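Working notes, structure below.
Sequence lines set the chain letters: A, B, ... in the order given, protein chains first and strands last, and positions in each chain run from 1. As the structure is a computational prediction, the values presented were derived from the model and not from experiment.
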Amino acid sequence: MIFVNGEPYDVPDHATISELLAGLNIDPEAPGIAVAVDSEIAARGAWTRHEVRDGARVEIVTATQGG
Amino acid sequence: MTRPLVIAGRELRSRLLLGTGGFTRLQALADAIDASGAELVTVAMRRLDPSADGSVLDVIADRGVEALPNTAGCFTARDAVRTARLAREALGTHWVKLEVIGDERTLLPDAPELLAAAEELVDDGFVVLPYTNDDPVLARRLQDAGCAAVMPLGSPIGSGMGIANQANLTLIVEQAGVPVILDAGVGTASDAALAMELGCDAVLCASAISRALDPVAMARAIGLGVEAGVLARGAGRIERRTHARASSPLEGMPEFAE
């Protein structure tokens, strides 16, 4: 189990960030998204290789309205 | 036509930056972007909500303007630096409006954390635009740290209290070697005009527009206020004087019979 934006979430062993996003119905090609795993930014170019280990805390962020 | 604003070598025709916070509908934001004439509009970075209907980024792309990510909501240099890096990754921009807040009630900047974050982000290649107190010494320290502009507050964020300390803002402007962008506190068009008359290079405005009864009309009003202030600054205002000075000639008065 991992945590996505603070919520527990089950992913298969060796799931990559790309696979995680697909499972969440988030288009990895969509602009404006960044991912951090355990507070470290996961470079977009490595999402297809970057495996999310058990217990990881994943933050998926985008731009929203703000001053 | 006034000269363009240049930040980090980039020319901007508009001296009004628009914050996108507080608009209740994306269409109102789109209309306000058009009415304001702003080319740079700020966005915040938050957790993705897959159920969200429409995105601020769609509006920004559609209106042909550019997103300037902020680090709003960060209370430490560490979190602000991480947020800036997330924004760079998400939006492909190395520009950031740096905010490090020190107090929830006033949302005033935390000076030591702000300076530390600015130094780290400048080292990391960011164009840093820090939201700062109206403190001339801190503004100078941020400039010396390599920030591309300084963004002193007029008064607390969203307060609409205008420019609380004109003397400090004037000192910041006098010593600045980078653009000074008044950030926070603008309540209405005259506040924006005053900022420019005092010598600011630009104004950033969110709540005054987004929370006005008619945001589109206020966007245009504040845009015009900025332009009016620039022109007035360049035109050279008259000196203030205690007593009147007649503008009609004193000679040639007709005489009237008793």
Side-chain angles (χ1 to χ4, degrees), chain A, chain B residues 17-26 28-29 41-52 54-61 67-73 78-79 81-93 97 99 107 131 157-158 183-184 204-211:
Chain A
M1 191 177 68
I2 63 170
F3 293 87
V4 177
N5 286 351
E7 298 293 329
Y9 189 77
D10 281 317
V11 289
D13 287 347
H14 305 295
T16 64
I17 290 174
S18 290
E19 288 159 357
L20 170 64
L21 293 175
L24 292 163
N25 287 321
I26 297 167
D27 177 7
E29 302 297 317
I33 297 171
V35 176
V37 180
D38 295 329
S39 301
E40 292 295 324
I41 288 162
R44 181 179 279 260
W47 285 353
T48 55
R49 301 187 304 276
H50 191 140
E51 292 183 8
V52 185
R53 61 160 188 78
D54 188 50
R57 293 184 176 272
V58 179
E59 295 287 336
I60 305 171
V61 303
T62 189
T64 188
Q65 285 176 242
Chain B
L17 287 70
L18 180 66
T20 63
F23 288 93
T24 51
R25 292 180 306 113
L26 287 175
L29 168 61
V41 300
T42 64
V43 293
M45 302 306 296
R46 291 293 180 270
R47 286 171 164 173
L48 179 71
D49 175 7
S51 67
S55 158
V56 67
L57 290 177
D58 296 337
V59 174
I60 287 170
L68 172 64
N70 68 27
T71 62
R78 188 197 67 172
D79 285 358
V81 167
R82 283 178 177 164
T83 301
R85 288 178 177 147
L86 277 171
R88 179 170 62 183
E89 186 72 14
L91 305 179
T93 176
K97 182 195 162 193
E99 298 182 33
L107 299 179
Y131 165 62
I157 291 169
D183 186 6
L204 192 152
C205 190
S207 303
I209 293 172
S210 67
R211 298 195 165 116

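- When all heavy atoms are compared, the tightest approach of A:A63 to B:L91 is CB-CD2, 4.1 Å.
- With a 4.5 angstrom heavy-atom cutoff, A:A42 touches chain B only via backbone atoms.
- With hydrogens and angles disregarded, a donor-acceptor distance shorter than 3.5 Å links the side chain of A:Q65 to the backbone of B:T20.
- Using a 4.0 Å cut-off between a side-chain N of Lys or Arg and a carboxylate O of Asp or Glu, A:E59 and B:R47 qualify as a salt bridge.
- Looking at B:Y131, neither its backbone nor its side chain comes within 4.5 Å of chain A, counting heavy atoms on both sides.
- Proximity to chain B (any heavy atom under 4.5 Å) is shown, for A:I60, by both the backbone and the side chain.
- With chain A as the partner, the residue from B:G19, B:A87, B:A90 showing the most heavy-atom pairs under 4.5 Å is B:A90.
- With a threshold of 4.5 angstrom between heavy atoms, B:L18 does not approach chain A through any atom at all.
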Note to self: For a side chain to side chain contact (heavy atoms under 4.5 Å, CB included) check, start with the C-alpha distance between B:L57 and A:T62, then their side-chain angles and the critical distance, and finish with the verdict.
What the structure shows: CA-CA 9 Å; B:L57 290 177; A:T62 189; 4.1 Å; yes
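- Options B:D183, B:L68, B:V41, B:N70 differ in how many heavy-atom pairs under 4.5 Å they form with chain A, and the most are formed by B:N70.
- Within the 4.5 angstrom heavy-atom criterion, only side-chain atoms of B:A206, from C-beta onward, approach chain A.
- Counting only distance, with no hydrogens or angles, the side chain of B:E89 and the backbone of A:V35 share no donor-acceptor pair below 3.5 Å.
- B:L86 touches chain A through backbone and side chain together, each having a heavy atom under 4.5 Å away.
- A side-chain donor-acceptor contact under 3.5 Å links B:T42 to the backbone of A:G67.
- Annotation: A:R57, atom CZ; neighbour count of heavy atoms from other residues, nucleotides and ligands within 6.0 Å does not exceed 12.
- Looking at B:L204, only its side chain comes within 4.5 Å of chain A, counting heavy atoms on both sides.
- Contact of A:N5 with chain B is made through backbone and side chain together, with heavy-atom distances under 4.5 Å.
- B:V56 touches chain A through its side chain: at least one heavy atom from C-beta onward sits under 4.5 Å away, while N, CA, C and O do not.
- Between the CD1 atom in A:I33 and the CG atom in B:L48 there is a gap of 5.5 Å [rounded to 0.5 Å].
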